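To start, the structure under review is shown below, and the notes come after it.
In what follows, chains carry the letters A, B, and so on, assigned in the order in which the sequence lines appear, proteins first and then strands, with residues in each chain numbered from 1. A quick note: this is a predicted structure, and the numbers were derived from the prediction, not measured.
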There are 2 protein chains.
Amino acid sequence: MLENIMLGFLMQKEMSGYDLKQWMAECTSYFFDASFGSIYPALKRMEDKGYIVCRETVEGSKFKKLYSITEAGKSYFLGWLEKPITFTKSNHSYLVNIYFYNHLPIEKATANLKQFAEVLEQHMNEVNMQKEQTEKTYNTKNNFRYSTIICGIYYFQSIIDWCNDLIKHLE
Amino acid sequence: MLENIMLGFLMQKEMSGYDLKQWMAECTSYFFDASFGSIYPALKRMEDKGYIVCRETVEGSKFKKLYSITEAGKSYFLGWLEKPITFTKSNHSYLVNIYFYNHLPIEKATANLKQFAEVLEQHMNEVNMQKEQTEKTYNTKNNFRYSTIICGIYYFQSIIDWCNDLIKHLE
DNA sequence: CAGTCCATGTAAGAAGTTACATGATTCT
DNA sequence: AGAATCATGTAACTTCTTACATGGACTG
């Protein structure tokens, strides 16, 4: 999956490992993110496979390794993209806590849930900011990039609603 | 997190590794699951730490290793449980696909999304079955176990709604 | 001139899965 | 009798993160 998302970004333009990390942080971090410790080795692997090629640049005294996607890389990426989407269960570990909250005094449970709702609101705000940014930048709501952000809003809103319902029910 | 959920289940009663796996499969699999390859080593680790103790039983010719939680285990578990809930971003890799769907012919994108919506419906049905089962077993809607199932329903419903909206928008 | 950002990379370790190995029991 | 389920466990592997190591450029 990491290699796929990196190839996807390289479909736009040539980029460095650092650039790729920034794109993830800005655009996909709420549903996918990676550290440099996995990005750089992945670039090396993909170069070995022939999916990308490297071009070393020096601007002034700024050194950068810019990678671009090859034809082999494009066809691999497109081949992956057209396959059916696989739904992989992801660990929502916060639910593990709440699952066992019968072992907690009800006041403590409520307090923790309220705190959690606030954290969720913060994440929601982040996604909302991404939404506004995207609207400004592309001046359209008709693209898939925008749609994934909307999904994030649906997602966070549904958990926030659930969490608040639960808190109300406890009080 | 794996150790915590196992301790949580052992708060109910003594269980074998096999039992723990079944509980996860039946009750928490949509938000947390583990394989035997991680459960059995975890049991060993937790026994070493003194959080659980093992009792080997033979019923007829059926051999089982039943683990129960110790006082140390209980206090560790409760200590973890009362801490603030941490929200960890989880990888929703299906969104990585959709994020790049501008590279796909619109008909193909729509077809894949429709297929994906069906997969989501199946997962939704599973959670709904868990919900009905829990209602029957406990005859109440007032517990946290039940609430986590409701969260699953909220969650899947929100993605299904989003997915269907997106499909409609494309057509 | 200290702190932050830009930029690349490695090594160690965490946390898990898959596949294998074993063997009894229960169901059809 | 064969298949499925019960039951435990290990070894190899995957995949990722964290922490470290390095060094130049920009900013206040």
Item checked: Between A/Asn112 and A/Tyr101: side-chain donor-acceptor atoms closer than 3.5 Å -> yes
Notebook entry, point to check: Taking only N and O in the side chain of A/Ser38, is any of them less than 4.0 Å away from OP1 or OP2 of D/dT17?
Noted result: yes
Checklist line | Gap between atoms CG and C1', on B/Leu66 and D/dC6 respectively (whole Å) | finding: 13 Å
Check: Do A/Phe87 and B/Phe156 have their ring centres less than 6.0 Å from each other?
Finding: yes
Notebook entry, point to check: Do A/Glu135 and A/Lys131 meet the salt-bridge criterion of a basic N to acidic O distance under 4.0 Å?
Noted result: yes
Item checked: Atom-pair distance (CD on A/Glu47; P on C/dT8), nearest Å -> 13 Å
Next item on the list: Please list all pairs passing the ring pair (Phe, Tyr, Trp, His ring centres under 6.0 Å) test where one or both residues lie in residues 19-39 of chain A, with sequence neighbours left out.
Entry: A/Phe9-A/Trp23, A/Tyr18-A/Phe36, A/Phe36-A/Tyr40
Note to self: What is the distance, to the nearest angstrom, from the NZ atom on A/Lys62 to the C1' atom on D/dG24?
What the structure shows: 10 Å
Next item on the list: Salt-bridge test for B/Glu3 and B/Arg45: reply yes if a basic N is under 4.0 Å from a carboxylate O, no otherwise.
Entry: yes
Please tabulate, one pair per line, each protein N/O and nucleotide N/O from nucleotides 9-14 of chain D that are separated by under 3.5 Å, including the distance.
| unit_1 | atom_1 | unit_2 | atom_2 | d |
| --- | --- | --- | --- | --- |
| D/dG9 | OP1 | B/Lys65 | NZ | 2.3 |
| D/dT10 | OP1 | B/Lys44 | NZ | 3.3 |

Next item on the list: With a 4.0 Å heavy-atom cut-off, tell me which residues in residues 16-34 of chain A come close to DNA chain C, sorted by residue number.
Entry: A/Ser16, A/Gly17, A/Tyr18, A/Gln22
Notebook entry, point to check: Within this structure, what is the CE-to-C1' distance between A/Met6 and D/dC16, rounded to whole angstrom?
Noted result: 13 Å
Next item on the list: Say whether B/Gln157 and B/Asp161, considering side chains only, have a donor N or O and an acceptor N or O under 3.5 Å apart.
Entry: yes
Next item on the list: Using whole Å, report how far CZ of B/Arg45 lies from P of C/dA14.
Entry: 10 Å
Check: How close or far is atom C1' of C/dT17 from atom CG of A/Asn91, stated in whole angstroms?
Finding: 12 Å
Check: What is the distance from CD1 of A/Ile39 to C1' of D/dT15, rounded to the nearest Å?
Finding: 14 Å
Check: Under a 4.0 Å N-O cut-off, is there an ion pair linking A/Glu14 with A/Arg55?
Finding: yes
Next item on the list: Whole angstrom is fine here: how far is it from CD in A/Glu3 over to P in D/dT15?
Entry: 8 Å
Notebook entry, point to check: Do B/Glu71 and B/Lys74 meet the salt-bridge criterion of a basic N to acidic O distance under 4.0 Å?
Noted result: yes
Note to self: Between B/Leu66 and B/Asp19, is there a side-chain heavy-atom distance shorter than 4.5 Å?
What the structure shows: yes
